[in-house]
Amino acid sequence: MRIGWLKIKRLLKAGWRFMIFFVMIAFVVTCNFFLFLSGMQMDEAQIREAAPITFWNIILLTVLFSVIDATRRAWMISRPVKRIREGMEKIVAGDFSIRIPYIKGENSDNEFDSIIKGLNDMTAELAGVETLRTDFISNVSHEIKTPLAVISNYATMLQSGVLTDEQRQEYARAITEQTKRLSELITNILKLNRLENQQIYPEKKRYNLSEQICECLLMHEYAWEKKELEIDTDIAEDVFVYQDAELLSLVWNNLFSNAIKFCKEEGKVSVTVQKADDRVLVAVSDTGCGISAETGKHIFEKFYQGDTSHATQGNGLGLALVKRVIDIAEGNISVQSKVGEGTTFTVSFEAEREAL
């Protein structure tokens with residue numbers, strides 16, 4: 001029924017276009033005849049003889065122009081629209097690998113090509129999002145499965161009656177560490193999800209960044225004393241910023257934790273806070289194992305752990321959180337590293353920015 005109605009609509013549209021061409025051509029021909037006849041004398045018989053010929057000429061011209069218009073529409077409008085529609089149907093079906101062919105070229109002035117370029121760009125972005133979603137689910141499953149397996153194994157061994165007190169304490173400590181790791185993973189996933197979905201709105205206020213960084217650094221005192229690290233600080237006094245203090249504390253705690261975690265025994269961690277013109281620069285350096293150039297390109301991606309020596313000590317979400325917070329703060333973060341020598345993370349953003 002629907003197909004029959006569509007055919008009727010197409011016939012009505014074709015008939016309507018035919019009538020438009022007929023009226024236009026009849027009008028033009030009539031005007032020309034009036035001008036022509038006004039300059040010459042014709043009797044009634046001659047006019048009656050010429051009238052049918054003129055009418056059929058109009059019909060012929062109308063048919064000719066209708067065919068030309070139909071061909072033009074089929075080539076210049078229907079063909080691109082059909083190509084776009086077929087491509088969109090595949091996109092709706094979930095095929096994000098489809099790329100709609102251009103009519104004239106990617107950089108042409110054709111309006112249909114502009115639409116096709118937008119659709120192709122959108123499809124490429126959707127394909128990337130789908131890949132990230134799949135990788136995210138796979139990585140989360142792996143990261144949750146690993147500590148659960150460790151907890152299960154040690155809990156099973158604790159149930160045996162042949163363990164010494166020392167072994168029981170060791171297994172209990174391992175269960176506690178894996179439980180903490182699992183808790184941190186879930187917490188970071190929730191935080192990252194809220195940040196990426198803009199469910200956390202920055203509550204900006206003017207506060208002393210120098211004091212905040214010192215407080216965050218002191219929170220890791222036990223960790224650096226345990227590894228006998230040297231802590232070198234060059235923190236300018238009274239550096240004020242207009243930011244969300246709670247969000248930025250995530251940045252400093254993650255950077256300090258990583259620097260201490262991956263630093264060599266009796267190594268050195270350096271923290272620098274400087275104010276240059278209207279910007280604040282915060283640098284966190286360590287003398288750890290360093291990262292390769294290839295790893296550096298992906299270090300802010302979720303779950304990315306290019307260095308296998310890091311894989312057992314984190315879940316790859318900390319730096320993704322850091323990057324997202326810095327983006328919200330409208331700042332920049334960069335990393336410089338050399339394998340075997342250490343790594344430096346540098347964060348920069350505006351020193352003060354008053355509320356509008």
Side-chain angles (χ1 to χ4, degrees), residues 183-224 229 231-263 269-286 288 296 299-304 314-337 343-356:
S183 176
E184 289 176 353
L185 170 64
I186 295 172
T187 300
N188 284 338
I189 289 174
L190 292 174
K191 285 180 181 178
L192 190 58
N193 180 66
R194 293 177 65 191
L195 285 171
E196 291 188 335
N197 288 284
Q198 297 182 345
Q199 295 176 354
I200 294 179
Y201 299 95
E203 296 181 4
K204 295 185 178 182
K205 63 181 181 181
R206 185 175 183 268
Y207 74 95
N208 193 323
L209 178 67
S210 302
E211 291 183 359
Q212 182 191 44
I213 289 181
C214 289
E215 291 172 359
C216 289
L217 187 58
L218 287 173
M219 291 174 60
H220 299 274
E221 183 177 5
Y222 174 79
W224 86 57
L229 301 179
I231 305 298
D232 182 24
T233 60
D234 182 11
I235 302 175
E237 295 184 1
D238 298 328
V239 176
F240 286 88
V241 295
Y242 187 79
Q243 295 288 349
D244 188 315
E246 184 177 352
L247 283 180
L248 281 184
S249 67
L250 291 173
V251 174
W252 315 133
N253 283 325
N254 269 286
L255 293 181
F256 296 156
S257 175
N258 284 344
I260 294 170
K261 187 186 300 181
F262 302 129
C263 196
V269 173
S270 302
V271 180
T272 303
V273 179
Q274 297 177 340
K275 184 176 179 181
D277 297 328
D278 294 331
R279 296 193 70 80
V280 172
L281 301 178
V282 180
V284 180
S285 304
D286 65 73
I299 199 169
F300 296 111
E301 297 176 6
K302 294 187 288 289
F303 293 108
Y304 187 84
N315 50 52
L317 286 178
L319 289 178
L321 273 171
V322 168
K323 182 65 168 66
R324 185 64 185 129
V325 171
I326 294 301
D327 288 342
I328 292 175
E330 299 179 351
N332 297 306
I333 183 169
S334 60
V335 56
Q336 292 181 330
S337 183
T343 305
T344 299
F345 286 91
T346 303
V347 177
S348 68
F349 46 82
E350 291 188 11
E352 290 188 43
R353 186 176 180 182
E354 298 298 334
L356 298 176

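- Between Ile333 and Ile326, the closest heavy-atom pair is N-CG2, 4.1 Å.
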Q: Decide side chain to side chain contact (heavy atoms under 4.5 Å, CB included) for Phe256 and Val269; before the verdict, give the C-alpha distance in whole Å, the side-chain angles of both, and the deciding distance to 0.1 Å.
A: CA-CA 9 Å; Phe256 296 156; Val269 173; 5.8 Å; no
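- A side-chain donor-acceptor contact under 3.5 Å links Ser249 to the backbone of Glu246.
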Q: Could you give me the CA-CA distance, side-chain angles and deciding distance for Leu255 and Leu319, then say whether side chain to side chain contact (heavy atoms under 4.5 Å, CB included) is met?
A: CA-CA 8 Å; Leu255 293 181; Leu319 289 178; 4.1 Å; yes
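- In this structure Thr344 satisfies the side chain to side chain donor-acceptor pair (under 3.5 Å) test together with Ser285, sequence neighbours excluded.
- Between Leu247 and Ile328, the shortest heavy-atom distance links the atoms CD1-CG2, 4.4 Å.
- Atoms CG and CD, from Leu229 and Glu221 in turn, are 12.0 Å apart once rounded to the nearest 0.5 Å.
- In this structure, Asn258 and Phe345 have side chains that are not in contact, with every pair of non-hydrogen atoms separated by 4.5 Å or more.
- The distance from the CZ atom of Phe349 to the CG atom of Leu281 is 9.5 Å, given to the nearest 0.5 Å.
- For Ser210 (side chain) and Ala236 (main-chain N/O), a donor-acceptor pair under 3.5 Å exists by modelled atom type.
- Here Glu211 contributes atom CD and Phe240 contributes atom CZ; the two are 7.0 Å apart, rounded to the nearest 0.5 Å.
- Each of Asn254, Leu250, Asn253 was evaluated against Cys216; a single residue qualifies, Asn253, per the side chain to side chain contact (heavy atoms under 4.5 Å, CB included) test.
- No side-chain donor-acceptor contact under 3.5 Å links Thr346 to the backbone of Ser334.
- Taking the side chain as every heavy atom from C-beta outward, Val347 and Trp252 approach each other to under 4.5 Å.
- When side chains are defined from C-beta on, Leu248 counts as touching Tyr207, because their heavy atoms get closer than 4.5 Å.
- Every residue meeting the side chain to side chain donor-acceptor pair (under 3.5 Å) condition with Asp238, not counting sequence neighbours, appears here in chain and number order: Asn208.
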Q: Given side chain to side chain contact (heavy atoms under 4.5 Å, CB included), test Val282 with Leu209 step by step and report yes or no.
A: CA-CA 10 Å; Val282 180; Leu209 178 67; 4.1 Å; yes
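- The number of heavy atoms from other shown groups lying within 6.0 Å of CD (Gln336) does not exceed 12.
- Residues satisfying the side chain to side chain donor-acceptor pair (under 3.5 Å) criterion with Asp327, sequence neighbours excluded, are Lys323.
- At distances below 3.5 Å, at least one donor-acceptor pair connects side-chain atoms of Gln212 with backbone N or O atoms of Ala245.
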